[in-house]
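The next block holds one structure in the form of structure tokens; read it before the comments.
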Amino acid sequence: MEVKEKNQSKSKEEICGILEANGIPFDLSVCNNCDGYQIVINGEQSKCCAHSIIVQSCNKDTFYRIYPQEIIYIAIENRKSVLYLSDKVIETNYHISHWTEVLDKRVFAQPHYSFIVNLNYVYDVSRDTVILKCADKEFSVYVSSRKFTSFKKALFAFYDHNKKDDE
């Protein structure tokens with residue numbers, strides 16, 4: 001039996017028209033990673049489905065669809081990749097090299113061989129730690145002396161890129 005998927009995609013103009021007709025305030029922006037559009041309603045940015053990642057949990061019976069912007073950081077703990085997301089924590093069996101290949105190097109950087117951080121959440125950096133903030137949560141991640149310079153360069157490049165987008 002063949003299942004046909006109903007196409008429910010709407011054009012940018014149709015979506016804006018629906019929101020305007022219902023008096024819903026919104027902002028429209030281009031996705032940072034592709035040519036798609038993201039709609040911001042009540043300050044909460046929509047997620048670009050083209051950039052979701054399917055992740056299998058350690059017990060191999062649960063799959064999650066995650067979006068890179070939800071990842072605060074990834075840590076290697078007890079030989080597992082632990083994804084610290086804005087709303088949950090997921091343990092996976094993926095190696096750290098998997099994440100360095102999959103995630104955008106302009107947004108994610110490695111301050112230590114056991115950590116990958118989302119530069120959007122960096123609050124403070126010192127010689128040995130990176131403080132990450134997401135809403136009311138605060139995380140501390142180690143910085144190795146060998147990776148400090150490259151991490152700092154990645155952070156400044158990220159800030160420069162975002163500064164140019166704002167202008």
Side-chain angles (χ1 to χ4, degrees), residues 9 11-13 15-16 19 24-55 64-77 80-92 94-167:
S9 65
S11 72
K12 173 185 74 166
E13 291 79 17
I15 294 170
C16 292
L19 293 172
I24 300 171
F26 68 95
D27 290 318
L28 185 69
S29 65
V30 176
C31 176
N32 291 335
N33 300 313
C34 69
D35 293 331
Y37 289 92
Q38 299 182 77
I39 297 176
V40 181
I41 300 173
N42 296 329
E44 187 172 317
Q45 202 158 3
S46 68
K47 297 168 176 78
C48 183
C49 291
H51 296 287
S52 66
I53 303 168
I54 303 298
V55 178
Y64 299 94
R65 177 185 299 273
I66 63 168
Y67 298 89
Q69 64 266 31
E70 293 177 318
I71 301 171
I72 300 168
Y73 73 100
I74 299 171
I76 300 301
E77 300 173 5
K80 294 176 178 16
S81 293
V82 181
L83 282 66
Y84 290 86
L85 306 178
S86 53
D87 61 345
K88 63 182 159 260
V89 176
I90 301 172
E91 284 189 4
T92 71
Y94 297 104
H95 192 271
I96 194 87
S97 62
H98 168 78
W99 298 111
T100 58
E101 292 171 18
V102 169
L103 297 171
D104 186 354
K105 289 166 185 45
R106 294 173 299 171
V107 180
F108 291 88
Q110 229 178 327
H112 187 278
Y113 72 92
S114 296
F115 298 102
I116 298 174
V117 301
N118 185 333
L119 298 173
N120 284 301
Y121 294 104
V122 172
Y123 180 75
D124 191 25
V125 178
S126 70
R127 262 301 198 200
D128 58 349
T129 58
V130 176
I131 305 298
L132 305 163
K133 274 194 172 183
C134 176
D136 59 345
K137 301 176 197 168
E138 191 171 293
F139 305 92
S140 181
V141 172
Y142 293 113
V143 178
S144 69
S145 56
R146 284 188 15 223
K147 293 204 176 245
F148 179 73
T149 303
S150 63
F151 179 75
K152 196 168 65 170
K153 284 180 184 177
L155 186 61
F156 287 139
F158 173 77
Y159 287 147
D160 280 346
H161 178 73
N162 285 342
K163 188 173 146 183
K164 288 176 187 172
D165 288 346
D166 291 341
E167 293 174 351

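These numbers come from a predicted model, not from an experiment. Positions are given from 1 along the sequence.
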*asked:* For the NZ atom on Lys105, are there more than 12 heavy atoms of other groups (residues, nucleotides or ligands in this structure) within a distance under 6.0 Å?
replied: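 More than 12 heavy atoms, drawn from other residues, nucleotides or ligands, come within 6.0 Å of this atom.
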
*Pairs satisfying side chain to side chain donor-acceptor pair (under 3.5 Å), at least one member in residues 121-130, at least two apart*: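 Sorted result for residues 121-130: Ser126-Asp128, Ser126-Thr129.
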
Please report the closest heavy-atom contact between [X] and [Y], naming both atoms and the distance.
X	Y	value
Ser150	Lys147	OG-O, 3.1 Å
Asn118	Leu132	O-CD2, 4.2 Å
Ser81	Ile74	CB-CG2, 4.3 Å
Val141	Phe115	CG1-CG, 3.3 Å
Pro111	Val130	CB-CG2, 4.2 Å

Approximate separation, where rounding is to 0.5 Å, of [X] [atom1] and [Y] [atom2]:
X	Y	atom1	atom2	result
Leu83	Ile116	CG	CD1	9.0 Å
Ile66	Ser86	CD1	OG	10.0 Å
Asn120	Gln69	CG	CD	9.0 Å
Leu155	Phe148	CG	CZ	9.5 Å

*Which of these, Thr100, Val117, Leu103, Val143, sits in a side chain to side chain contact (heavy atoms under 4.5 Å, CB included) with Gln110?*
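Passing option: Thr100.
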
*Might you work through the side-chain contact (heavy atoms from CB on, under 4.5 Å) test for Thr92 and Tyr64, ending with a clear yes or no?*
CA-CA 10 Å; Thr92 71; Tyr64 299 94; over 6 Å; no

*Sequence-distant partners of His98, ring-ring contact (aromatic ring centres under 6.0 Å, His included), two or more places apart*: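 With neighbours one apart ignored, the set is Tyr94.
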
*With sequence neighbours excluded, residues passing ring-ring contact (aromatic ring centres under 6.0 Å, His included) with Tyr73*: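 Listed in chain order: Tyr84, Phe139.
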
*asked:* Could you tell me if the side chain of Phe158 sits less than 4.5 Å from the side chain of Val122, heavy atoms only?
replied: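 A side-chain contact under 4.5 Å is absent here.
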
_Check whether Ser114 reaches the backbone of Ile76 with its side chain - one donor and one acceptor, N or O, closer than 3.5 Å._
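No, because the side chain of Ser114 does not come within donor-acceptor range (under 3.5 Å) of the backbone of Ile76.
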
